[in-house]
*Asks:* 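Structure incoming, see below.
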Amino acid sequence: MNELSLEIKFSIILAIILMITVVILLIAIIVLFNRRQILFQKEKKLKESEYHNQLLQNEIDYQKKVQLEQERISQDMHDDIGAGISAIKLQAEFLKKQSDNEILQNNIDDMLRTCEEVNLSMREMLWNLKSGNDSILNFAEHIVTYTQVFFGKTNLKINILTNGIGEENINAETRRNLFLCVKESLNNIYKHSNAENVEVQLTQTNKKFTILIKDDGVGMKTGAKYGNGLGNMKWRMSSIGGEFEIIPVKKGFHIKFDLNL
C-alpha cells in the first residue's frame, strides 16, 4: 500500500514537473515570438524610414534640378530675347529718324511701344522664375515697385501701406497668379476708374497675406456682372486656394485678395 502511495505521489510530482516545464516552454516561446515581432516591426519601421528618407532626398534633388533649370532659362531669356528686343528697338528708332512719313513714324512708335510692353512682360517672367524671389517679402517689394512705376507717369496720387510682411515662401505658380490679379486690378483703375487717388495695402496676419486695392473713382454699377478681368481674378485666386472679394463702398472700387500661406 505504501509502495502504491509512493508511486502515485511520484506520478503526481512528475506530472506537476511536466506541466511546469510545458508552461515554461510556452512562456519562452511567447517571449521569443514577441521579441521577434518587435524586432520585425523595428526592421519594418527602419526600412519605411529609409524609404521615406530616400523619397525626400529624391524630391530635394528634383527641386534643385528644377531650380537650376529655371535659372538657366531665366539667363537665356535675358541674354537672347532681351538682346533681340533691344536690337529691334534700335533699328526701329533708326528708321524713324530716317523717315519723314508721318504715318510710318506713327507705326514705328506703335512698334516701339509693343517692344517695351514685351520687354516688361519678359522682365516679369524672369522675376517669377528667379529662385531668390520666393518669399512674401520679396513679392510685396515687387508689387510696390511695379505700382510706383505703373502710375509714375500719371496724375494719380499713390499711397502704399505694408504691415507685418514676413519671409514665408510662396511658390512660382502662386506668385504669378496673384501678381497677374494685382496687375489687372491696377490696369482697370488706370483705364476705367477716373480716380484721383489709389491706395494699395499689403498686410500679413499670422498665415494670411492680404492685398487690398482701393480707388476713389466711378466704381462699379450696382448689379453689374463680372467682366472678363474680374472673372479671371476670381478664377486665378480660386486656383491657388485664395479668396477674391469686391468690397461694397459708396464711392470708388475696393477689391481684396486673400492668400493662405
*Asks:* What do the steps show when you test Asn159 against Asn197 for side chain to side chain contact (heavy atoms under 4.5 Å, CB included), and what is the final call?
*Replies:* CA-CA 8 Å; Asn159 186 27; Asn197 298 281; over 6 Å; no
*Asks:* Would Ile240 end up clustered with Leu212 when hydrophobic side chains under 4.5 Å apart are linked, directly or stepwise?
*Replies:*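 As far as the 4.5 Å side-chain criterion goes, Leu212 and Ile240 are not connected within one cluster.
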*Asks:* Mind listing the closest non-hydrogen atom pair of Thr154 and Phe150 along with its distance?
*Replies:*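 So the minimum-distance heavy-atom pair works out to CG2-O, 4.4 Å.
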*Asks:* Which heavy atom of Gln204 sits nearest a heavy atom of Asn206, and at what distance?
*Replies:*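 Nearest heavy atoms, Gln204 then Asn206: NE2-O, 3.4 Å.
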*Asks:* Determine, stepwise, if the pair Phe139 / Leu178 fulfils side chain to side chain contact (heavy atoms under 4.5 Å, CB included).
*Replies:* CA-CA 10 Å; Phe139 180 73; Leu178 188 52; 3.5 Å; yes
*Asks:* Show the nearest heavy-atom pair for residues Gly217 and Lys251, with the distance to one decimal.
*Replies:*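 Here Gly217 and Lys251 meet closest at O-CG, 3.8 Å.
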*Asks:* Please report the shortest heavy-atom distance between Ile136 and Gly166, naming the atom on each side.
*Replies:*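 The answer is CB-O, 3.8 Å.
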*Asks:* Given side chain to side chain contact (heavy atoms under 4.5 Å, CB included), test Arg236 with Leu180 step by step and report yes or no.
*Replies:* CA-CA 8 Å; Arg236 287 186 184 281; Leu180 287 175; 3.4 Å; yes
*Asks:* Work out which heavy atom in Ser185 is nearest to a heavy atom in Ile213; give both atom names and the distance.
*Replies:*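 It is OG-CD1, 3.7 Å.
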*Asks:* Where is the tightest heavy-atom contact between Ile165 and Ala140, given as atom of each residue plus distance?
*Replies:*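 Answer, listing the atom of Ile165 first, then Ala140: CG2-CB, 4.1 Å.
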*Asks:* For atom CG of Leu56, is the number of surrounding heavy atoms from other residues, nucleotides or ligands below 6.0 Å larger than 12?
*Replies:*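 More than 12 within 6.0 Å, yes.
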*Asks:* Would a distance-only check, ignoring hydrogens and angles, find a side-chain to backbone donor-acceptor pair under 3.5 Å from Ser49 to Lys45?
*Replies:*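 Not a single qualifying donor-acceptor pair exists.
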*Asks:* Test Leu39 against every option in Arg35, Arg36, Glu43 by the side chain to side chain contact (heavy atoms under 4.5 Å, CB included) rule and name the one that passes.
*Replies:*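 The side chain to side chain contact (heavy atoms under 4.5 Å, CB included) with Leu39 is passed solely by Glu43 among Arg35, Arg36, Glu43.
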*Asks:* Counting only heavy atoms from other residues, nucleotides and ligands, does the tally under 6.0 Å from CD of Glu168 exceed 12?
*Replies:*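 Yes.
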*Asks:* Using the rule given for side chain to side chain contact (heavy atoms under 4.5 Å, CB included), can you reason through Ile158 versus Gln148, listing the C-alpha separation, both sets of side-chain angles and the distance that settles it, and then say yes or no?
*Replies:* CA-CA 8 Å; Ile158 311 302; Gln148 291 171 338; 5.5 Å; no
*Asks:* For residues Asn58 and Gln54, is any side-chain donor paired with an opposing acceptor at under 3.5 Å?
*Replies:*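 Their side chains do contain a donor-acceptor pair, which is all the 3.5 Å distance test asks for.
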*Asks:* CG/Leu46 to CD/Glu50 distance, rounded to the nearest 0.5 angstrom?
*Replies:*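 Reported value, rounded in 0.5 Å steps: 4.0 Å.
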*Asks:* Counting only heavy atoms from other residues, nucleotides and ligands, does the tally under 6.0 Å from CZ of Phe151 exceed 12?
*Replies:*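 Result for CZ/Phe151: enclosed.
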